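Data block below; observations after.
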Protein chains: 2
Amino acid sequence: MATTLKPVKQDIKVAVDNVIVTVKDGELFVLLIQMSKSPYKGMWALPGGLVEQKETLENAAGRFLKKQTSVSNVYLEQLYTFSDISRDPAGRVITCAYFALVPPDKYELQTNPKYADAQWWNIKKLPALAYDHEQIVKYGKKRLQWKLEYTNVAWSLLPKEFTMSDLQEVYESILGESLDKRNFRKKIVEQKMIRPTGKKAMRGAHRPAELFTFRSKVAKIIA
Amino acid sequence: MATTLKPVKQDIKVAVDNVIVTVKDGELFVLLIQMSKSPYKGMWALPGGLVEQKETLENAAGRFLKKQTSVSNVYLEQLYTFSDISRDPAGRVITCAYFALVPPDKYELQTNPKYADAQWWNIKKLPALAYDHEQIVKYGKKRLQWKLEYTNVAWSLLPKEFTMSDLQEVYESILGESLDKRNFRKKIVEQKMIRPTGKKAMRGAHRPAELFTFRSKVAKIIA
DNA sequence: CCAAAAGTGTTAACGCTACACCCATGT
DNA sequence: ACATGGGTGTAGCGTTAACACTTTTGG
């Protein structure tokens, strides 16, 4: 690489955008903010913004994540860097997309005065998005599906303790298909990702379900 | 994303670096250039450089690839964007790494006066690399191994016509393990990636081998 | 005729899929 | 007692992995 940094006429701004995902009621949701200024006033977009001079892309993504959801210590992964020349009408901006997985018991949406609104949107029913954000969301969804099959990322979308059905629901909502209960349990048990807590979940007029917890909250390849 | 482009004090340079890979004699090779200026004078590094104001990252990667190898129309994929604050001692530079697969019959190394030298290095015996380039090469190698198993990228590393053994050699050198001849052929034939040309390769004192060619030179997921 | 790589099938183990009934609880 | 979700086993099928000999050429 030849970054001899003689006066170069490069003036490209660097941003990050987060695809923040959670699962509620068996459906996948993405966090979007509503833009309050033109040219995309009123439209929805991924939360993000410019990187600061002295922070890494990952730090920037974490910073914006915290600003919107007040969570930290969640799964955060770089997705892809988008660089179309006219992706931002306001100037030359490239954006590095991250995706974050937020468990349903943890987040609290922040009302940021800078944006008109912030809301979870069902990923199947998204509004029109600003910039190239529709493309980014699609990319993120696909990556999540891959990750789910080959790693233990699912832990990032569940509370500390959960039932086998909760876990299966997460898989089904991400993969978009229903799975066989017995085969699912068998696969999960074989992988040794989770451990029974001994406790039971009493959730209504039926047999209580065993509660599990993840053995390790570190990303691991299980395939 | 809030790129309202009010005067921001962001001054981050954006570069690309290429992990250009080929296979020769059953071994994986990476193209490195030798730096002619301090602070890394004499050390080896990945070919790359700053992105121009009006080009995408992918275009920039293609441009540097062509400069070094005089090839175009080869497989080129974005790897990851590296952004450590002090990864470049000369200033704040983030780099988007790409990897390129070059077939052995196609390239011609360009002698670029800007660099002391450019050479193929066996990936198992790399010299000390400048910047964070060792990390980038490792990352690229891992990605290539994944891609090989789930897609038909191998076409990018072979000449138009090749024998089954040539193909197997590519797989073995990337995966770093030897494969069973019969099972390998069976798998490849089932995947329908290749087609016999009817021709034979006469390469010495042994039975001639059938020559094959790829049906499609477009990246496809085959798993 | 000898050396060298090409080409070819079968079997056993394993993993994946499909599938139906009983259990524990609240009302 | 009934409605609701929780929990369990097995058999068939397809896929993968292991394994050795014959063929065709050049020297």
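Sequence lines set the chain letters: A, B, ... in the order given, protein chains first and strands last, and positions in each chain run from 1. Quick caveat, the model's predicted, so the values are computed rather than measured.
Residue A:Lys217 qualifies as enclosed at atom NZ: its count of foreign heavy atoms under 6.0 Å is above 12. Remark: A:Lys142 NZ is loosely packed, at most 12 non-hydrogen atoms of other residues, nucleotides or ligands lying under 6.0 Å away. Residue B:Glu134 qualifies as open at atom CD: its count of foreign heavy atoms under 6.0 Å is 12 or below.
Listed by first then second residue, pairs satisfying side-chain hydrogen bond (donor to acceptor under 3.5 Å, both in side chains) with a partner in residues 169-178 of chain B read B:Gln168-B:Glu172, not counting sequence neighbours.
Residue A:Thr163 is out of contact with every strand shown, counting any heavy-atom pair closer than 4.0 Å.
For the salt bridge (charged side-chain N to carboxylate O under 4.0 Å, His left out) test, residues two or more places apart in sequence or in another chain that qualify with A:Arg203 are A:Asp166. With sequence neighbours left out, B:Gln34 forms a side-chain contact (heavy atoms from CB on, under 4.5 Å) with B:Trp44, B:Ala116, B:Asp117.
Where DNA chain C meets chain B (any atom under 4.0 Å from a heavy atom), the bounding nucleotides read 5' to 3' are C:dA3 to C:dT10. Protein chain B touches strand DNA chain D; the 5'-most and 3'-most nucleotides with an atom under 4.0 angstrom of its non-hydrogen atoms are D:dA17 to D:dG26.
What you find for B:Gly62 and B:Leu76 is that their closest heavy atoms are N-CD2, 3.8 Å.
The CG atom of A:Leu79 lies 10.0 Å from the OH atom of B:Tyr80; values are rounded to the nearest 0.5 Å.
Ring planes of B:Trp146 and A:Tyr150: perpendicular class, angle over 60° (limits at 30 and 60°). Aromatic ring pairs are classed by plane angle as parallel below 30°, tilted from 30° to 60° and perpendicular above 60°; the pair B:Phe82 and B:Tyr139 is perpendicular.
Residues from residues 169-185 of chain A that place a heavy atom under 4.0 Å from any atom of DNA chain D, listed by number: A:Lys181, A:Arg182, A:Arg185.
Residue-to-nucleotide proximity on DNA chain C shows that, of B:Arg203 and B:Lys186, the 5′-proximal contact is made by B:Arg203.
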